[in-house]
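Single-structure report; data block below.
Here the structure is a predicted model, which is why all the values come from computation and not from measurement.
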Amino acid sequence: MVILSSFFPSIFPDELLYSTLARYHLFVGNTSSKATIVDLYGSTSVCAVSGLPAHIEKISLLMKNKVTTRELIVNHTLFPYFACFLPDSRIDFVEQAMIGDLGRSVYARLGLLASAVKIPPYLKYCSQCLKNDTEIHGVPYWHRSHQLPGVYFCHKHKCELLESSISTTMRRNKHEFVALNEKQVGEVTLDKAVSQQYKDLFIYLAIQSNKLLQTGYKRVSLESLHDFYISKLYENAMITPAGNIRFKKLRDRFFEVIDPNVLEILFSTINTNSDDTWLHKLMRNDNSGHPLRHMLMLFFLNETFETVFLKKDDIYHPFGRGPWPCLNTVCEHYKRDIINHCEVTSCIDTRLPVGTFKCSCGYVYSQRGPDIEFNDRYKVGRIKQFGEVWETRFNELKNRKDLSLRQMASILGVHYSTIGKKLKATDEMKNLKYKDSITSHLESYREQWITVSNDFPELTVTELRQKAPHVYTWLYRHDREWLQSSKKNKKSSINPTRVDWDDRDKRLVPLILRASQEIKSIVDPPIRVTVSEIGRRIGKRSWLEKKIVLLPLSRNLLSEEIETSEQFQIRRIKIAAEKIYREEPEVLGWRVIREAGLRKEAAQKLRVEIKNQVDYYNDLRPRNSRSS
């Protein structure tokens, strides 16, 4: 054993341990491979394994522990390539299996037995490395970086690797260690057209595979890597704002970058009819995935493992990284980042992401994204809920007489129209509560009045008022129409007579005509002649609205006097034109429209009438006065 140790060869950079043992076999001059196996391991049951060997502790002892078992595994086997994606517990198990004699369990623990991505069947080498190694070290050797799945180019010389005749599996002589030599003749395995067209991809895979070997067990967090993928897909619009991956779009774009035929060469075919391909699993984080397939995804995203490590915390979000600010201007934590959750949905019209943020103060707002600049996070798109803090402050300010709507809006961080709507809603709520209160008491007061009337049927209404003044006053204020009808019933029951509607009709005609003329005489502002307005002015609104069928003369007169919407607009045009004629040197059409308060549709419809009025009043002025 002393002799063996003294003749044990040096181990070179990036050299497979298998290669070192093959050179040892040559140096000691053993004619039998089994003899070398016995020298190294003391048994003939051990096999010569190239990439993931076991019994490494025995080799370290032969080297007088100048190279530790950990150094041999990390620097001279393929294990670091796989260890980057394994949990610590499995790394420890595989490492112990390689140090000891559990070599059969290594492939199973790494998932290689069931994996569709296979270890290359033959050892490969680079012709430039062979030449350089011979010049520098005196002998060529097998590089471990050349033996990885999907590696067809040398990461150092950027040339295509040659495949030797030395099998890595199913060898006839399982004890044989075969050294690389200058006479080795290999062949390229890729079609020339494919290797040239996709040379960038193959060189990328070679470089990234070598990077994984050099990580020294630096693990890639699968969760961080998955988040990194998702963030890049967000940036490339391949994920919906709600977080659903657009797999069809992803697959089609993937095929544009990496040809399906090349994916087949790399043991990574994607079935277009399946929703459970390796690409789906990689994006769903269903399992760790083979390192080669992670590299394919990174190539598609135009990224590398280096950028993954650098950007592991730089995860894309359409509204930036949380927490997000509260934008309630009256809250004590205004613009402080205290909102930890953002609900992202999609805008129905634009399909852009919409973020909804809810603060503990009750304030809920939304923004349409994505954010382009940092200050975009402080822009409120829509307030969905004001919250208790905001409402309390609003109630304090609405009673202050020294504040205008705009000043209130500035304090509360909203548009002044919002304040107006809130105040109107508050008033309407008060009215609604007031009406509800009246309704709740209505039946009670009616019953009381009916009871009094029935108890004293011989009394007049005036006399009944003295019996129940409180009831009468309340009904007069809140239910006058019913009270008046009850008065009529009381009178008719005492002295029943037939109502003479013809007489009433005759007396109404002059009242209606006078009221109509009175309404039309008002020009600042003009009032439309309506049945309700005339009825209100003559105090007979209920007759005109409810008994009009009994008043034929009044009905005919009303049909002549009341104005349609268009007639009222024309009268407003005439009033406006006359006013401008009196006050300004020239009557202009746009001034008439504004003074008359016409909307765009009405102005367009009545443009002929407007023009007639403008022309009429302008023609009244002498030409020289208009020019002056």
Side-chain angles (χ1 to χ4, degrees), residues 11-21 49-57 59-60 63 66-100 102-103 105-113 115 117-120 123-126 129 141-156 161 168 204-222 224-225 267 287-299 304-310 312:
I11 192 164
F12 301 132
D14 193 44
E15 183 178 15
L16 274 178
L17 180 57
Y18 170 93
S19 176
T20 307
L21 300 182
V49 179
S50 58
L52 297 164
H55 310 281
I56 290 178
E57 185 174 20
I59 303 302
S60 179
M63 301 174 71
K66 291 180 179 179
V67 183
T68 65
T69 55
R70 170 61 72 89
E71 290 173 338
L72 288 174
I73 293 174
V74 171
N75 299 322
H76 301 285
T77 72
L78 302 184
F79 182 56
Y81 174 85
F82 300 99
C84 292
F85 301 94
L86 298 178
D88 292 336
S89 59
R90 200 181 305 178
I91 291 175
D92 294 339
F93 179 88
V94 174
E95 190 178 60
Q96 292 304 314
M98 295 177 70
I99 291 174
L102 298 176
S105 65
V106 171
Y107 281 76
R109 284 289 181 169
L110 294 179
L112 298 179
L113 297 179
S115 176
V117 181
K118 303 300 181 183
I119 296 292
L123 292 175
K124 292 177 285 187
Y125 67 95
C126 166
C129 288
Y141 58 89
W142 300 109
H143 285 256
R144 63 172 183 158
S145 58
H146 297 160
Q147 317 310 325
L148 294 167
V151 175
Y152 294 94
F153 276 72
C154 175
H155 70 276
K156 185 176 180 181
L161 297 177
T168 58
Y204 171 90
L205 295 177
I207 293 173
Q208 291 300 302
S209 297
N210 182 63
K211 289 290 184 184
L212 290 183
L213 284 176
Q214 306 300 326
T215 56
Y217 284 5
K218 182 177 181 180
R219 290 185 58 238
V220 177
S221 169
L222 294 176
S224 296
L225 186 59
F267 311 102
N287 56 28
S288 63
H290 195 282
L292 175 60
R293 290 173 173 174
H294 283 290
M295 280 183 265
L296 291 173
M297 175 53 66
L298 289 174
F299 179 82
T304 64
F305 281 115
E306 292 92 331
T307 57
V308 171
F309 289 129
L310 291 174
K312 61 182 179 179

Q96: which residues meet the side-chain contact (heavy atoms from CB on, under 4.5 Å) condition with it, sequence neighbours left out?
I99
Just jot down the side-chain contact (heavy atoms from CB on, under 4.5 Å) partners of A54, sequence neighbours excluded, or say none.
none
Using modelled atom types only, decide if a donor and an acceptor are shared between the side chain of [X] and the backbone of [Y] within a distance under 3.5 Å.
X    : Y    : answer
R293 : F267 : yes
Q147 : K124 : yes
T77  : L52  : no
T168 : G51  : no

Where is the tightest heavy-atom contact between [X] and [Y], given as atom of each residue plus distance?
X    : Y    : result
V151 : A206 : CG1-CB, 4.2 Å
L205 : G150 : CD1-O, 3.7 Å
F82  : L78  : CD1-O, 3.5 Å
L292 : Y81  : N-OH, 3.5 Å
C126 : H146 : CB-CE1, 3.6 Å

Taking the side chain as every heavy atom from C-beta outward, state whether [X] and [Y] have any atom pair closer than 4.5 Å.
X    : Y    : value
L298 : F305 : yes
E306 : Q208 : yes
F12  : S19  : no
F79  : V106 : no
P291 : C84  : no
H155 : S209 : no
M98  : V94  : yes
K118 : P149 : no

Can you tell me how far the [atom1] atom of [X] sits from the [atom2] atom of [Y], to the nearest 0.5 Å?
X    : Y    : atom1 : atom2 : value
R109 : L102 : CZ    : CG    : 10.0 Å
S145 : K211 : OG    : NZ    : 12.0 Å
L16  : R144 : CG    : CZ    : 8.0 Å
H76  : L21  : NE2   : CG    : 11.0 Å
L212 : I207 : CG    : CD1   : 12.5 Å
I11  : N75  : CD1   : CG    : 8.5 Å

Would you mind telling me which of L72, V67, T68 makes a side-chain contact (heavy atoms from CB on, under 4.5 Å) with R70?
T68
Using 30° and 60° as the class limits, which term best fits the ring planes of Y141 and H143: parallel, tilted or perpendicular?
parallel
Which class fits the ring pair Y125 and W142: parallel under 30°, tilted 30 to 60°, perpendicular over 60°?
perpendicular
